Amino acid sequence: MERGHPRRWSILVALCAALLLVVVENTVLSVALPAIGRAFDSSTALLQGVVDAYVVVFAGLLVAAGAAADRYGHRRAALAGLLLFGLASVAAALAWSAWWLLLARALMGAGAALVMPSTLAVLVHVFPAEERPKAFAVWTAVASVAMALGPVLGGALVQAWSWSGIFLINVPLVAAALAGVARLVPEFRAPAAHRLDPVAAGLVTLGTGAMITALIIAGERGWESPAAPGALAVAVAALGWFAHRQRRDGAPMIDFTLYRDRRFAGASAAAALLTVGTGSVLFVLTQYLQLVRGHSALAAGIAVIPLAAGTVLGSAVGGRAPGRIGARAAIALGFALAAAGFTVLAALTPTSPHPVLACGLLLAGAGTGFAGPATTSTVLGSVPPARAGLGSALNDTHQQFGFALGVAALGGLFAARYRAGTPAPDRPLADALADPTLSGPARTAFTSAQSATMLAAALCALAGAAVALAVLGARDSAAEPRGESPR
């Protein structure tokens, strides 16, 4: 029987501390958006850009970061990423414009890209196959709870300090994570790993960013705006060049043969579809709570705690689910539960009681938490341990790109439906909701647009469940990776 590292559970704690930082950043900004919009007089499109700058760079650089971690060391990559993340956080806190904030968030995304794949890759090495689903359940729970608790932390900091507090708080947290990783995490690397290709990494980041930008502009101004098809053309050209470069490279940065494995391809596609839906939920709901319901930033953050509670409960059960009912059933059941939660959230009105919101968030969190360990174990179980960094990076890329796509595409759907239903489509959202003569119709238009967005999120989750059922085998193992771990 394979034996794990004697300090593997302490290593898991140190890695989860680093993971907590980079995942919280996905959602901590959500409750601060109204304050940032007022501080810099920003449009909805620019605020979407600030949110997505982190995620797009994060997703675009994950593959290169994973390859670098495999080649030069997972511990070294995590330490470098944490340091960059901390420095960029200081720059964000000192931002004097929304554009400067957007740039700082992009640098934070680059640091996060170095950290996140290294956490999963180390777990593959230090945990034996039979314990990996449990370790991944803890990893999933921390990641999901961090995403859900981001608004609570953000709300408390905005109310007690200002929007800049959500970035300054990162400095002592980064210092603690650096100390934990440096002291506890052993170094793993594969010197024979594929070489890095900075040009390819730049192309995939440019292409991803341009695609998200096109969707944001289209949601704000429509496809008739020349900027939207222009950005889409840049995306197609960059991603096409990237694919051509990878096909001609004898040692490509991305091992596309991984996608021939139905476990890797199926679980990855399902996870991406779910995060398309979840990416839009907090972006919309935190604005609903503050702008429509009149909550403070802190109260809005507290109101979404059921999402974190559901995730913890779902992960606790989901860590054992692959061994009992199989990975395919666990993923499909979890995604269906998340879809039910999104459907409940679609029923919210300007005067809905809080139990309706709590029920929807609890179901969505439970479904995501339940499916998480099976999804992660299935993806990484199909990757040789020597390519654990790349496999982890691709797993994270699919989810981060789905999150960014959700904010852009479903956020665009929300903006379009709101403009179609409001009597003042040219007025900023916050202004219309604050105007006594417009607030009633604007609130109705907001919740109608929110309902359409939540239903779209539910369809994405159901599509992910359908992919899992269609592609994964009923007897697929989620624990055993291909190949042997290097010693």
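In this text, all values refer to a predicted model and were calculated from it rather than measured experimentally.
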Exercise. Is there a side-chain contact between L239 and L203, using heavy atoms and a 4.5 Å cut-off?
Worked result: no

Exercise. Do S448 and R417 come within less than 4.5 Å of each other through their side chains, counting heavy atoms only?
Worked result: yes

Exercise. With side chains defined as the heavy atoms from C-beta onward, is the minimum distance between V174 and L21 less than 4.5 Å?
Worked result: yes

Exercise. Do T422 side-chain atoms and R419 backbone N/O form a donor-acceptor pair below 3.5 Å?
Worked result: no

Exercise. Quick check: does any side chain N or O of R293 sit under 3.5 Å from a backbone N or O of S352, one acting as donor and the other as acceptor?
Worked result: yes

Exercise. Is the closest side-chain heavy-atom distance between M116 and V23 below 4.5 Å?
Worked result: yes

Exercise. So how far is it from L123 CG to I11 CD1, rounded to the nearest 0.5 Å?
Worked result: 9.0 Å

Exercise. When rounded to the nearest 0.5 angstrom, what distance separates CZ in F446 from OG in S451?
Worked result: 10.5 Å

Exercise. What are the two closest non-hydrogen atoms of Q290 and S296, and how far apart are they?
Worked result: CG-O, 4.1 Å

Exercise. Any donor and acceptor pair, going by atom type alone, linking the side chain of R105 with main-chain N or O of A92 inside 3.5 Å?
Worked result: no

Problem set entry | Nearest-0.5 Å distance, CD of residue Q450 to CG of residue L455 | 10.5 Å

Exercise. Step by step, would you call L168 with W161 a side-chain contact (heavy atoms from CB on, under 4.5 Å)?
Worked result: CA-CA 10 Å; L168 286 178; W161 198 347; 3.2 Å; yes

For this session: Compare every heavy atom of A270 with every heavy atom of G464, then report the nearest pair and how far apart it is.
Result: O-CB, 3.4 Å

Exercise. Excluding sequence neighbours, so at least two apart, what forms side chain to side chain contact (heavy atoms under 4.5 Å, CB included) with P436?
Worked result: none

Problem set entry | Inter-residue atom distance L84.CG - S89.OG, 0.5 Å rounding | 9.0 Å

For this session: Dump the intermediate steps for ring-ring contact (aromatic ring centres under 6.0 Å, His included) on F335 and F370, then the final yes or no.
Result: CA-CA 8 Å; F335 283 22; F370 185 84; over 10 Å; no

Exercise. Are side-chain heavy atoms of N170 and E25 found at a separation under 4.5 Å?
Worked result: yes

Problem set entry | ring pair (Phe, Tyr, Trp, His ring centres under 6.0 Å), paired with F40, selected from W163, W96, W100 | W163

Seminar exercise, completed: For L363 and G341, the nearest pair of non-hydrogen atoms, with its separation, is CB-CA, 3.6 Å

For this session: Considering non-hydrogen atoms only, spot the tightest contact between G369 and P373 and give its length.
Result: O-CD, 3.1 Å

Exercise. Among L94, L157, L101, which residue meets the side chain to side chain contact (heavy atoms under 4.5 Å, CB included) test with F167?
Worked result: L101

Exercise. Do Y54 side-chain atoms and V22 backbone N/O form a donor-acceptor pair below 3.5 Å?
Worked result: yes

Exercise. Any donor-acceptor pair under 3.5 Å linking the side chain of S315 with the backbone of V312?
Worked result: no

Exercise. Taking all non-hydrogen atoms of both residues, which atom of A456 and which atom of L413 are closest, and how far apart?
Worked result: CB-CD2, 3.9 Å

Exercise. So do L337 and T368 actually touch side chain to side chain, heavy atoms under 4.5 Å?
Worked result: no

Exercise. Are any side-chain N or O atoms of E187 and backbone N or O atoms of R76, one a donor and one an acceptor, separated by less than 3.5 Å?
Worked result: yes

For this session: Any chance you could measure Y288, atom OH, to F414, atom CZ, to the nearest 0.5 Å?
Result: 11.5 Å

For this session: Taking T375 for its side chain and A371 for its backbone only, find out whether a donor-acceptor pair lies under 3.5 Å.
Result: yes

Problem set entry | Closest approach of A374 to I331 (non-hydrogen atoms, all atoms of both residues) | CB-CG1, 3.8 Å

For this session: Nearest 0.5 Å please: distance from the OG1 atom of T453 over to the CG atom of L285.
Result: 9.5 Å

For this session: Look only at the side chain of R443 and the backbone of V292, and say whether a donor-acceptor pair between them is shorter than 3.5 Å.
Result: yes

For this session: Could you go through the side-chain contact (heavy atoms from CB on, under 4.5 Å) check for L12 and F127 one step at a time?
Result: CA-CA 9 Å; L12 176 61; F127 280 91; 4.1 Å; yes

Exercise. Is there a side-chain contact (heavy atoms from CB on, under 4.5 Å) between L184 and R7 once you walk through the steps?
Worked result: CA-CA 8 Å; L184 294 170; R7 293 192 301 174; 3.9 Å; yes

Exercise. When you look at CH2 of W99, are more than 12 heavy atoms from neighbouring residues, nucleotides or ligands closer to it than 6.0 Å?
Worked result: no

For this session: Might you work through the side-chain contact (heavy atoms from CB on, under 4.5 Å) test for I166 and L153, ending with a clear yes or no?
Result: CA-CA 8 Å; I166 64 178; L153 176 63; over 6 Å; no

For this session: For the residue pair V304 and L357, establish whether any side-chain heavy-atom pair is separated by less than 4.5 Å.
Result: no

Exercise. Under a 4.5 Å cut-off applied to non-hydrogen side-chain atoms, are P128 and R8 in contact?
Worked result: yes

Problem set entry | Side-chain donor or acceptor of T447 paired with backbone N/O of T349 under 3.5 Å | no

